There are 2 protein chains.
Amino acid sequence: MMFESLKKELKKRNINLSYQRLKILEYLAQNQCHPTVDQIYTDIQKSIPTLSKTTVYNTLKKLVEEGLVRVINIEDTESRYDINIEDHGHFKCENCGNIFDFSINMDSLVCNGLDNFRIFDRHVYFKGICPQCS
Amino acid sequence: MMFESLKKELKKRNINLSYQRLKILEYLAQNQCHPTVDQIYTDIQKSIPTLSKTTVYNTLKKLVEEGLVRVINIEDTESRYDINIEDHGHFKCENCGNIFDFSINMDSLVCNGLDNFRIFDRHVYFKGICPQCS
DNA sequence: TATTAAATTGTAATAATTACAAACTTGTAA
DNA sequence: TTACAAGTTTGTAATTATTACAATTTAATA
Ligand SMILES: [Mn+2]
Ligand SMILES: [Mn+2]
Ligand SMILES: [Zn+2]
Ligand SMILES: [Zn+2]
């Protein structure tokens, strides 16, 4: 199970796995549709009625800082979260709002003007209309 | 001057060029550092003291809808605006916060999983540390 | 000029995120 | 086990970016 490796990553970084954090990670692993904070909060709240939205924010912030989760900012209105940190692109359908993954070969991208820039993070996203909405 | 072509574009789309809109376009042309709404508003207010921030929002919204200006959402905290609508990438320095342009060849990017997706917009951005901050 | 439409303005409302302090939980060492 | 410190969660308040809206002003048209 992929959770074992996640747990190891957490331990390595001295983040202990509270019940809330476990549930948030489980949720992200099971819902790789790039959910918003609100979706994560609302859904997990069903099983943890005392959950605070602040905890969701705190946990996600920590996971992002540690590089275990990635934020997707395509619209200014909503941050989305992705537990898949492999290089891949995102396609946002302007009709249904869904964000789809697609595979990219980042090394194939020819770019100039970045000599002496230290790159930590690469993002590619497209916008348009998905097949279902076409 | 590039403004003549911009004016034509506006006329073509039945957007008339008010004084406020002219000043906002001029500002974007002269400040291609990807300014925020607040920067645009604060600077132009010096020459138009009655300017309303709502007007800045309205104008930018319209210009983006018409494809004359592009929004950059790298951080969830700030939308930035770019009058350069040519294909190019953005590099955000995590230290100084500046956003740098770099050239890309979008056609060189190998990607899979987008059959039957209609693509309107392609964005590429990197994050890291710029040479000055290194 | 008179009428209509478009644009601007200021204020109020909305919504996402962060700050903060109190309460609770966990880990550790005597 | 107990006691203390450190870490975590929670709820509320504050902050901030953006949008809604109605009144006023300006521009376009006949
Ligand atoms: Mn993804
Ligand atoms: Mn640019
Ligand atoms: Zn769709
Ligand atoms: Zn820098």
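Lettering follows sequence order; numbering is per chain, from 1. These figures come from a predicted structure and were not determined experimentally.
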Touch class at under 4.0 angstrom, heavy-atom based, for B:Asn16 against every strand present: sugar-phosphate
For atom CZ of A:Arg80 and atom P of C:dA16, their distance in whole Å: 13 Å
Test side chain to side chain donor-acceptor pair (under 3.5 Å) applied to A:Asp43 - qualifying residues, sequence neighbours left out: A:Tyr27, A:Lys46
A:Gln20 side chain near C:dT25 phosphate (N/O to OP1/OP2, under 4.0 Å): no
Separation of atom CD1 in B:Ile24 from atom C1' in C:dT9, rounded to whole Å: 13 Å
Show me, pair by pair, the donor-acceptor contacts under 3.5 angstrom made by side chains of residues 58-66 of chain A, not counting sequence neighbours?
| residue | atom | partner | partner atom | Å |
| --- | --- | --- | --- | --- |
| A:Asn58 | ND2 | A:Thr54 | O | 3.4 |
| A:Thr59 | OG1 | A:Thr55 | O | 2.8 |

Interface with DNA chain C, restricted to residues 47-59 of chain A and to heavy atoms under 4.0 Å: A:Thr54, A:Tyr57
Rounded distance in Å - CG (B:Asn14) to P (C:dA7): 10 Å
Qualifying residues under side chain to side chain contact (heavy atoms under 4.5 Å, CB included), relative to A:Lys53, sequence neighbours excluded: A:Val37, A:Asp38, A:Tyr41, A:Tyr57
Qualifying residues under salt bridge (Lys or Arg N to Asp or Glu O under 4.0 Å), relative to B:Arg70, sequence neighbours excluded: B:Asp121
B:Gln30 atom CD, over 12 foreign heavy atoms within 6.0 Å: yes
Covered region of DNA chain D, 5' end to 3' end, by chain A [heavy atoms, under 4.0 Å]: D:dT8 to D:dT18
Separation of atom OH in B:Tyr41 from atom C1' in C:dG10, rounded to whole Å: 10 Å
Close residues, residues 63-78 of chain A, relative to DNA chain D [heavy-atom separation under 4.0 Å]: A:Asp76
Result block: side-chain N/O donor-acceptor pairs under 3.5 angstrom for residues 16-25 of chain B, not counting sequence neighbours:
| residue | atom | partner | partner atom | Å |
| --- | --- | --- | --- | --- |
| B:Ser18 | OG | B:Arg21 | N | 3.2 |
| B:Arg21 | NH1 | B:Asn16 | O | 3.0 |

With A:Asp107 via side chain to side chain contact (heavy atoms under 4.5 Å, CB included) - residues at least two apart: A:Asn105
Sugar-phosphate, base or nothing in reach of A:Lys62, heavy atoms under 4.0 Å: sugar-phosphate
Please tabulate, for side-chain N and O atoms in residues 91-98 of chain A, each donor-acceptor pair with protein atoms closer than 3.5 Å (sequence neighbours left out).
| residue | atom | partner | partner atom | Å |
| --- | --- | --- | --- | --- |
| A:Lys92 | NZ | A:Glu78 | OE2 | 3.0 |

List the atom pairs, donor and acceptor, that lie under 3.5 Å between side-chain atoms in residues 125-134 of chain B and the rest of the protein, sequence neighbours left out.
| residue | atom | partner | partner atom | Å |
| --- | --- | --- | --- | --- |
| B:Tyr125 | OH | A:His123 | ND1 | 3.4 |
| B:Lys127 | NZ | B:Glu75 | OE2 | 3.2 |
| B:Ser134 | OG | A:Arg118 | NE | 3.4 |
| B:Ser134 | OG | B:Cys130 | O | 3.4 |

For B:Asp101, all residues meeting salt bridge (Lys or Arg N to Asp or Glu O under 4.0 Å), sequence neighbours excluded: none
A:Ser103 side chain vs B:Cys111 backbone, donor-acceptor pair below 3.5 Å: no
